[in-house]
Amino acid sequence: MNPSLLIVLAFLGAAVGMFALNRPRMDAVALIVLTTLPFTGIVTMGEALSGFSDPNIVLIAALFVVGEGLVRTGVAQRLGDWLTHTAGGSETRMLILLMLAVGILGSVMSSTGVVAIFIPVALRIAHGMGLAPGRLMMPLSMAALISGMMTLVGTAPNLVVNSELMRSNVDGFRFFSFTPFGSVILLLGVAYMLFARRWLSARADPERPRTRRRSLRDWIEQYQLASRELRVRIPQGSPLVGRTLSELDLRQTSGINVIAIERNRRLSHEVFGPSARTLLEADDILLLDLFSPGTSVEELLNRYALQRLPLGGEYFADWSQEIGMVEVMVAENSGLVGKTVVEAQFRSDYGLTAIGLRRRDAAVEQGLRDIKLKFGDTLLLIGPWKDIRRLQADTTNLLVLNLPSEVDEVLPAAGRAPQAMFCLVLMVVLMVTGVVPNVQAALIACLLMGALRCIDFESAYRCIHWKSLILIVGMLPFSTALERTGGVELAARTLMTVTGDASLYVVLACLFLITAVLGLFISNTATAVLMAPVAVALARDLNVSPHPFAMIVALAASSAFMTPVSSPVNTLVLGPGNYQFSDFVKVGVPFTLIVLVVCVLMVPWLLPFTR
């Protein structure tokens with residue numbers, strides 16, 4: 001063993017030790033390696049920094065942006081809502097659907113991002129079904145890890161291994177090269193969790209439950225709004241067509257508030273808050289609040305020739321993506337004190353409509369528009385979320401007291417899910433057909449998502465997991481240094497010596513085990529960076545195709561089921577699932593062995609050893 005290799009191994013050992021202790025953080029360790037390794041003279045500073053120009057680094061960053069576009073437009077949220085509706089009250093059906101959905105969605109976006117999206121969905125489902133969250137959290141994390149085995153872009157280790165193949169002048173994997181293995185493992189994972197869920201404790205969170213934030217439905221009940229909603233269409237020939245709301249003065253003449261207007265544009269469907277100057281058009285759909293007890297719905301429909309439409313929920317709760325509510329208190333020195341609700345001109349000044357009032361904790365049921373406001377009165381306002389957020393910054397007259405729980409689920413780009421899906425499908429088609437390089441296909445999808453307003457630049461930069469990118473870039477110089485000093489060849493020869501004259505299947509099994517065990521101490525991405533060159537060198541020494549060996553490393557790197565710190569995906573569900581370290585061991589270790597057997601049998605079958 002030459003002195004240069006000893007130096008590199010010392011650096012590698014120090015890095016692995018810091019990874020295991022998590023001190024300092026992983027990206028800081030990678031930067032330390034990147035900065036100090038050139039002092040050895042084994043790699044130059046230019047070579048150490050070459051990872052920043054690697055197309056796969058740009059591809060990974062672009063995939064974060066594509067995934068964020070799916071989140072912002074509600075694609076992932078709609079999938080969660082569909083799960084709840086389809087599963088009904090069956091825990092078995094929910095577990096199957098949850099794992100399949102996460103496995104499929106995670107194949108085209110960050111597995112960590114998928115878990116972050118589905119944790120609140122799973123918690124809500126568990127609460128509604130009366131289940132302990134732990135019954136769904138580990139199946140969620142397992143499916144997210146398996147999703148990395150579904151496609152080339154499913155996880156960073158796949159791209160790292162593919163990059164090593166191309167660097168060795170070998171054809172890389174195609175987009176769906178991983179799919180046969182991932183699909184089988186996902187189905188096995190579902191079947192395994194249906195059995196292994198009995199090992200998961202049904203204990204609830206021992207901590208005292210948090211105070212639940214009030215929802216729109218709570219306010220609908222408290223302010224007695226349930227019978228006041230009406231949704232109508234303005235047909236051609238209605239006396240409302242071509243007139244503004246200020247001309248009509250529907251509050252005074254008919255006892256109604258226009259809460260929002262639905263209007264079809266050429267390429268979109270818009271829901272917006274009206275103003276006094278809003279001109280009503282034929283085929284507009286009005287969301288109305290019948291605040292006056294004496295208002296006759298039939299008389300209203302006949303007078304204005306309106307068509308009544310069905311409502312999906314109580315008092316527009318199903319429109320919570322577009323319009324929301326907020327509780328505010330009249331400030332002590334507010335200019336609104338002494339004015340009636342009409343005189344306060346909430347719509348003109350704030351873009352919101354007052355639909356409820358509480359005074360001394362009692363809701364005012366009648367005559368809301370004529371009551372003079374006092375200091376300390378609590379008002380319930382309704383309108384577009386953007387106007388509610390603007391109200392939060394103005395504390396002169398009104399103090400925001402409460403926002404509903406639905407505010408956390410409001411999508412920044414609601415209504416643009418079709419555009420986001422178009423960008424995703426286009427990216428996949430370009431990658432599958434090979435018309436352009438994968439990184440170019442992903443960048444095209446990013447630019448289109450920006451052009452179609454699925455995502456903006458600020459959100460795009462914020463969603464990229466820079467820590468992961470720095471980790472990959474910082475660990476790549478190790479690959480060059482180990483190869484240059486003979487470390488890669490030494491590892492390959494050592495593995496050959498250990499396996500002796502055993503079959504190639506045994507060699508694959510050993511390679512899988514080494515990769516999986518190494519992944520217990522360092523990230524799966526760093527593991528792939530270190531083991532991919534060993535796999536390629538091992539195949540070269542055995543004079544066989546490198547593809548099955550590279551695939552084994554990629555699949556083993558994603559098999560991080562055994563501990564809660566093996567992957568950020570496991571760490572995310574540790575708290576919500578109320579798990580202990582032993583839960584991951586007793587569920588993850590047997591499944592890792594199952595995955596090992598499946599991979600060792602399937603990989604040579606689909607990717608033969610012969611060149």
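Everything numeric here is computed off the predicted structure, so don't read it as measured data.
Inter-residue side-chain proximity for Ile96 and Leu194 is flagged as met; some heavy-atom pair is nearer than 4.5 Å. Side chains of Leu357 and Leu373 form a contact here, defined as non-hydrogen atoms less than 4.5 Å apart. Contact check for Leu248 versus Leu280: side-chain heavy atoms found under the 4.5 Å cut-off. Looking at Asp387 and Phe346, their side chains never come closer than 4.5 Å, going by heavy atoms from C-beta outward. Contact of the Gln392 side chain with the Leu403 side chain is registered, since non-hydrogen atoms from C-beta on lie closer than 4.5 Å. Using a 4.5 Å heavy-atom threshold, the side chains of Leu290 and Leu300 count as touching. Here the side chains of Ile444 and Met427 are not in contact, with every heavy-atom distance at 4.5 Å or above. Taking 4.5 Å as the limit, some side-chain heavy atom of Val65 sits within range of a side-chain heavy atom of Ile464.
Using a 4.0 Å cut-off between charged nitrogen and carboxylate oxygen, Glu327 and Arg214 do not count as a salt-bridge pair.
Side chain of Asp218 to backbone of Ser215: a donor-acceptor contact under 3.5 angstrom is found. With hydrogens and angles disregarded, no donor-acceptor distance shorter than 3.5 Å links the side chain of Trp466 to the backbone of Ala61. Not a single donor-acceptor pair under 3.5 Å links the side chain of Ser238 to the backbone N or O of Pro235. Proximity of a side-chain donor or acceptor of Ser141 to a complementary backbone N or O of Val569 within less than 3.5 Å is not detected. Between the side chain of Tyr579 and the backbone N or O of Met138 there is at least one donor-acceptor pair closer than 3.5 Å. Asn570 places a side-chain N or O within 3.5 Å of a backbone atom of Ala560 that can act as its donor or acceptor partner. Looking at Arg233, its side chain never comes within 3.5 Å of a backbone N or O of Ile285 through a donor-acceptor pair. Remark: side-chain polar atoms of Arg228 are not paired, donor with acceptor, to backbone N or O of Asp289 under 3.5 angstrom. Judged by distance alone, the side chain of Arg347 and the main-chain N or O of Val258 form a donor-acceptor pair under 3.5 Å. For the pair Ser107 (side chain) and Ile104 (backbone), a donor-acceptor distance under 3.5 Å is present.
Heavy atoms of other residues, nucleotides or ligands lying less than 6.0 angstrom from CZ of Phe272 number more than 12. Atom CZ of Arg453 is surrounded by 12 or fewer heavy atoms from other residues, nucleotides or ligands within 6.0 Å.
Side-chain atoms of Arg197 and Thr92 include a donor-acceptor pair closer than 3.5 Å. In this structure, a donor-acceptor pair under 3.5 Å is present between the side chains of Thr244 and Ser246.
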Worksheet entry | Trace of the side chain to side chain donor-acceptor pair (under 3.5 Å) decision for Ser296 with Arg303 | CA-CA 11 Å; Ser296 168; Arg303 183 193 307 174; over 6 Å; no
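Closest heavy-atom contact between Ala344 and Asp349: O-OD2, 3.7 Å. Considering all non-hydrogen atoms of both residues, Asp370 and Thr340 come closest at O-CG2, 3.6 Å.
If you run side-chain contact (heavy atoms from CB on, under 4.5 Å) between Ile261 and each of Ile234, Asp284, Val271, only Asp284 comes through. Paired with Val58 under the rule side-chain contact (heavy atoms from CB on, under 4.5 Å), one option of Leu469, Leu63, Leu443 passes, and it is Leu443.
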